[in-house]
Engineer: 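Okay, here's the structure, questions in a sec.
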Protein chains: 2
Amino acid sequence: MNKDFKKDENFFLNKHPLDEETLFLVSQTFKALSDPTRIRILNLLCIAEHSVNELAEKLDLGQSTVSHQLRFLKQLRLVKYRRAGTTLYYSKDDDHIMNLLNQAIEHATHN
Amino acid sequence: MNKDFKKDENFFLNKHPLDEETLFLVSQTFKALSDPTRIRILNLLCIAEHSVNELAEKLDLGQSTVSHQLRFLKQLRLVKYRRAGTTLYYSKDDDHIMNLLNQAIEHATHN
DNA sequence: TCAATATATGAGCATATGTTCATATATTGA
DNA sequence: TCAATATATGAACATATGCTCATATATTGA
């Protein structure tokens, strides 16, 4: 299996046309990655876990804004959290999607 | 370089924090992939070039709807077209992003 | 040149989205 | 138990989005 084939491996494996459920999940996943605020949050969580306030401060966003977006990301299982007292530390929970994000960032910076 | 490092290669290469321009381009690119209609269009263009009417018929969409979405995808250089008479044949124009889409589809079908 | 065909475009509309504000909830230490 | 701290939540708002309709534009063959 040469490199070019490997690169398009998923194309050959994927179904055509896409069923409703897959379509919805894929669109939701990309929707999560389509907002600058969420991208910035995920980009930080890519480095290390952060509390809600840490994210809000580092990104200069309201606490409520961050919390709302984290709920969105959590519901898609892109992030998770652990509790330490009253503080919730959020971290990434889907390496594959994080990898997609990083690929897109890399692609964007070189085009 | 082992496989695990290779997988997160982009993470280490990408800048933190992201600059405004990169952020915008990445979000726009994912926005393109975040709508079911556009995903279905790209999924067909992944197989072969199609005219606007062919896409509209295959996907049971209005001609105007398809045309509007193709303009969106064209402006991001995700698709291109060639003219043959009055017919415009659209095809994919960014293999990297197409690959991201196929990865996400593959990911969605196995989770 | 003109009708036929294919596509593009702009306005209008309903719905979705992201932020903010105010407030609710939860945990901890005193 | 209570105040302090951290986070979650819901409503309201402005803006963005996607589709439809009507119409404009472009190309071709007669």
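Sequence lines set the chain letters: A, B, ... in the order given, protein chains first and strands last, and positions in each chain run from 1.
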Engineer: Whole-Å distance between C:dG18 P and A:Ile41 CD1?
Structural biologist: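 From A:Ile41 CD1 to C:dG18 P: 11 Å.
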
Engineer: Would you find more than 12 non-hydrogen atoms of other residues, nucleotides or ligands less than 6.0 Å from A:Asp19 atom CG?
Structural biologist: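 Yes, the 6.0 Å shell around CG holds more than 12 heavy atoms from other groups.
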
Engineer: Measure the distance from CZ on B:Arg40 to C1' on D:dG18 and round it to the nearest whole Å.
Structural biologist: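 Distance, rounded to whole Å: 14 Å.
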
Engineer: If you define the side chain from C-beta out and look only at heavy atoms, does anything of B:Gln28 sit under 4.5 Å from B:Leu76?
Structural biologist: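 The answer is yes, as the side chains (C-beta and beyond) meet within the 4.5 Å cut-off.
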
Engineer: When the nearest nucleotide of DNA chain D is assigned to A:Thr86 and to A:Lys31 on a heavy-atom basis, which residue is associated with the more 5' position?
Structural biologist: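 Per heavy-atom nearest nucleotide, the more 5' residue is A:Thr86.
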
Engineer: Give, for atom CE of B:Met98 and atom CG of B:Leu45, the distance between the pair rounded to the nearest 0.5 Å.
Structural biologist: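 So the gap between those two atoms works out to 5.5 Å.
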
Engineer: Starting at atom NE2 of B:His50, determine the distance to atom C1' of C:dA6, rounded to an integer number of angstrom.
Structural biologist: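 Distance check: B:His50 NE2 to C:dA6 C1' gives 17 Å.
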
Engineer: What is the separation between atom CD1 on A:Ile39 and atom C1' on C:dT17, rounded to the nearest whole Å?
Structural biologist: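 In whole Å, C:dT17 C1' and A:Ile39 CD1 are 15 Å from each other.
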
Engineer: Scan every strand shown for a Watson-Crick or G-U wobble partner of D:dG18, both distances under 3.5 Å, and answer none if you come up empty.
Structural biologist: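 Here D:dG18 is engaged in a pair, and the nucleotide opposite it is C:dC13.
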
Engineer: Regarding B:Tyr89, tell me which of base, sugar-phosphate or nothing describes its non-hydrogen contacts under 4.0 Å with the strands shown.
Structural biologist: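 If one applies the 4.0 Å heavy-atom cut-off, B:Tyr89 turns out to touch nothing in the nucleic acid.
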
Engineer: Which nucleotide in the set D:dT27, C:dA26, D:dT7 lies at the smallest distance from any side-chain heavy atom of A:Leu88?
Structural biologist: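 So the side chain of A:Leu88 is nearest to D:dT7.
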
Engineer: State whether B:Tyr90 places a side-chain N or O below 4.0 Å from either non-bridging phosphate oxygen (OP1 or OP2) of C:dA6.
Structural biologist: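 No, B:Tyr90 has no side-chain N/O under 4.0 Å of OP1/OP2 on C:dA6.
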
Engineer: Judged by each residue's nearest nucleotide on DNA chain C, which is more toward the 5′ side, A:Ser64 or A:Asp35?
Structural biologist: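 Residue closer to the 5' terminus by nearest nucleotide: A:Asp35.
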
Engineer: Do B:Gln63 and C:dA6 have a side chain to base donor-acceptor pair shorter than 3.5 Å?
Structural biologist: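 Answer no: no donor N or O sits under 3.5 Å from an acceptor.
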
Engineer: What pairs meet the salt bridge (Lys or Arg N to Asp or Glu O under 4.0 Å) rule with one or both residues in residues 32-51 of chain B, with sequence neighbours excluded?
Structural biologist: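 Listed by first then second residue: B:Glu49-B:Arg82.
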
Engineer: Are B:Tyr90 and B:Tyr81, when compared by the centres of their aromatic rings, separated by less than 6.0 Å?
Structural biologist: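 Aromatic pair counts; centres sit under 6.0 Å.
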
Engineer: Base, sugar-phosphate alone, or nothing: which one does A:Thr87 contact when heavy atoms must sit under 4.0 Å apart?
Structural biologist: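 Sugar-phosphate only.
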
Engineer: Are B:Arg83 and D:dT28 close enough that a side-chain N or O sits under 4.0 Å from OP1 or OP2?
Structural biologist: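 No, no such contact exists.
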
Engineer: Are B:Asn53 and C:dT5 close enough that a side-chain N or O sits under 4.0 Å from OP1 or OP2?
Structural biologist: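 It does not, given that no N or O in the side chain of B:Asn53 lies less than 4.0 Å from OP1 or OP2 of C:dT5.
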
Engineer: Please report the distance, rounded to the nearest Å, between CZ in B:Arg82 and P in D:dT27.
Structural biologist: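 After rounding, the gap between these two atoms is 16 Å.
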
Engineer: Among residues at least two apart in sequence or on other chains, which ones pass side chain to side chain contact (heavy atoms under 4.5 Å, CB included) with B:Pro36?
Structural biologist: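 So B:Pro36 forms a side chain to side chain contact (heavy atoms under 4.5 Å, CB included) with A:Leu23, A:Ser27.
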
Engineer: Where along residues 65-75 of chain A does a heavy atom fall under 4.0 Å from DNA chain C?
Structural biologist: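 Heavy-atom cutoff 4.0 Å gives A:Thr65, A:His68, A:Gln69.
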
Engineer: Under a 3.5 Å distance rule, please check whether A:Ser67 uses its side chain to pair with a backbone N or O of A:Ser64 as donor and acceptor.
Structural biologist: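 No; judged by distance alone, with no hydrogens or angles, the pair does not exist.
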
Engineer: Please name the nucleotide paired to D:dT28 by Watson-Crick or G-U wobble geometry with both distances under 3.5 Å, or report none.
Structural biologist: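 Checking every strand shown, D:dT28 finds its partner in C:dA3, with both distances under 3.5 Å.
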
Engineer: How about A:Asn99 and A:Gln103: does a side-chain donor come under 3.5 Å of a side-chain acceptor?
Structural biologist: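 Yes, A:Gln103 and A:Asn99 have a side-chain donor paired with an acceptor closer than 3.5 Å.
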
Engineer: Expressed in angstrom and rounded to an integer, what is the separation of B:Arg38 atom CZ from C:dA16 atom C1'?
Structural biologist: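 Going from CZ in B:Arg38 over to C1' in C:dA16 covers 13 Å.
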
Engineer: On DNA chain C, does the nearest nucleotide to A:Gly62 precede the nearest nucleotide to B:Val52 from the 5' side, or the other way round? Give the residue.
Structural biologist: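 Closest to the 5' end, via its nearest nucleotide, is B:Val52.
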
